[in-house]
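Each remark here refers to the structure printed beneath this line.
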2 protein chains.
Amino acid sequence: MSSPDGLRSDARRNRHQVLDAARRVVLQHGPTVALDEIAKEAGVGIGTLYRRFGDRDGLFKALVLDALAQAQEAAEKADADHEVGFDAIEAYALAALDLRTSALIPMLMDRLDLHDAELGPQRETGAAVLQGLIDRAHEDGSLPRTVTFADLGTLLVRLSRPLPGAVPAEADADLARRQLRLALLGMRHADESTLDRVGMSREELSSD
Amino acid sequence: MSSPDGLRSDARRNRHQVLDAARRVVLQHGPTVALDEIAKEAGVGIGTLYRRFGDRDGLFKALVLDALAQAQEAAEKADADHEVGFDAIEAYALAALDLRTSALIPMLMDRLDLHDAELGPQRETGAAVLQGLIDRAHEDGSLPRTVTFADLGTLLVRLSRPLPGAVPAEADADLARRQLRLALLGMRHADESTLDRVGMSREELSSD
DNA sequence: AGGGATACGGAGGAATTTTCTCCGGTTGTT
DNA sequence: AACAACCGGAGAAAATTCCTCCGTATCCCT
């Protein structure tokens with residue numbers, strides 16, 4: 001037991017494979033997919049999945065925690081690396097697209113306990129970081145104030161979901177990046193003829 | 001029996017309600033939803049659904065045929081109404097967003113028989129009309145040649161899918177329209193710094 | 001308004017799918 | 001080498017979904 005998590009090396013490897021497979025499969029088929037499907041995609045027996053995660057909700061919680069941590073790391077890096085607010089947003093958005101976190105979380109929303117002691121705060125922090133990037137870009141004038149959290153957040157959700165049908169992952173990712181670039185270009189130059197009013201805030205998006 | 005389809009008035013009304021409900025529910029939950037779910041959303045007994053459509057594939061075929069016809073009508077109107085190619089595309093895209101046809105068809109793809117005598121040609125024609133709009137916009141210079149069928153088509157797919165999670169339909173549609181406007185603005189002004197190469201053609205998208 | 005044809009809802013048994021435990025065998029660690 | 005940790009997946013139990021059938025309701029024509 002040379003590792004901090006107390007897992008044997010094969011167990012740790014399998015754990016990661018399951019988490020990776022779960023991300024792909026859930027994004028593709030939604031939160032009701034059979035767990036066997038995930039195990040198969042991970043190249044692992046179904047018993048291994050249950051042993052490691054307990055049940056469906058346990059797996060999903062681990063999945064979201066993992067994804068949130070990666071996204072937050074990307075956001076902090078983007079924030080630190082770029083002087084201009086808009087450039088930080090662009091860097092973060094491209095990274096988030098690869099992780100696909102933005103789509104994963106709302107897809108699992110109704111199966112997740114948002115008052116969970118770990119999940120709640122982590123999720124709150126995750127959203128706050130993007131909000132921070134947007135505020136900065138508003139303030140330095142690199143992003144029009146009509147473009148808001150809801151616009152950017154849900155754009156990432158839409159672009160992060162795999163296309164329905166049998167589209168190769170490579171083509172899908174390539175198209176998503178192109179579409180992100182186009183939308184960002186649009187955002188940068190949006191005036192009142194493009195968007196006739198200010199978009200929704202973070203609060204409006206989740207409550208209303 | 002005063003009607004051409006030989007249906008009684010209540011039967012025809014129910015048929016439409018089922019088709020409408022199916023569109024919403026399939027977009028939200030994918031092609032494997034329980035048919036009971038669709039019947040419930042339509043406010044109709046499960047027996048009525050089976051009586052009218054035979055089975056799942058029968059329902060889906062009718063659904064796609066219906067959606068394709070509406071989309072084609074919208075495309076032809078957009079084509080006729082606008083002098084500039086780009087404007088026609090914009091008009092069509094906004095209409096298609098309301099219909100959500102673009103997402104529906106790929107979602108049902110693997111359950112559909114594309115060699116079906118009705119489905120095949122109708123689908124072919126549907127795609128050809130959008131291709132025609134794009135060609136026109138390329139030729140009159142209102143759309144950069146780096147932006148292709150795959151870019152526009154899959155953008156519409158992504159924007160047409162309802163957001164995952166419990167987002168009210170009204171907010172979802174509003175966000176989708178904003179995002180479409182932003183992306184179109186980006187497309188209009190895309191140069192080689194935004195898109196470094198030409199996108200995929202219709203053939204490349206479906207085969208590769 | 002009456003009568004026949006058409007259509008409706010949904011209960012419930014059959015069929016399918018999904019869950020999740022258990023244990024004989026394997027692999028990693030010391 | 002020896003022990004503990006881990007693995008795969010068969011298969012019984014549970015849950016879900018399908019889809020027919022029939023007593024009742026609605027429509028449409030005369």
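Not measured: the values here are computed from a predicted model. In what follows, chains are A, B, ... by sequence order, proteins preceding strands, each numbered from 1.
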Below 4.0 Å: OP1/OP2 of C/dC8 and any side-chain N or O of B/N14: yes

Side chain to side chain donor-acceptor pair (under 3.5 Å) contacts in which one or both residues fall within residues 26-38 of chain B, not counting sequence neighbours: none

Touch class at under 4.0 angstrom, heavy-atom based, for B/R52 against every strand present: sugar-phosphate

Between P of D/dT17 and CD of B/E37, the distance in whole Å: 8 Å

Separation of D/dG11 C1' from A/Y50 OH (nearest whole Å): 14 Å

Length of the CZ-C1' vector between A/F53 and D/dC6, whole Å: 14 Å

Measure all distances between protein nitrogen or oxygen atoms and nitrogen or oxygen atoms of nucleotides 12-17 of chain C, and list the pairs falling under 3.5 Å.
none

Rounded distance in Å - CZ (B/R111) to C1' (D/dC18): 12 Å

Separation of atom CG in A/L35 from atom C1' in C/dT21, rounded to whole Å: 14 Å

Whole angstrom value for the distance that separates C1' of D/dT17 from CZ of B/R56: 9 Å

A/D55 with A/K61: basic N within carboxylate O range, under 4.0 Å: no

Which pairs, protein N/O on one side and nucleotides 22-27 of chain D N/O on the other, fall under 3.5 Å?
from	atom 1	to	atom 2	distance (Å)
D/dT26	O2	B/R8	NH1	2.8
D/dT26	O2	B/R8	NH2	2.9
D/dC27	O4'	B/R8	NE	3.3
D/dC27	O4'	B/R8	NH2	3.4

N/O donor-acceptor pair under 3.5 Å between A/R52 side chain and A/N14 backbone: no

Protein-nucleotide distance (B/L59, atom CG; D/dC18, atom P), rounded to Å: 11 Å

B/D5 CG - C/dT6 P separation (whole Å): 14 Å

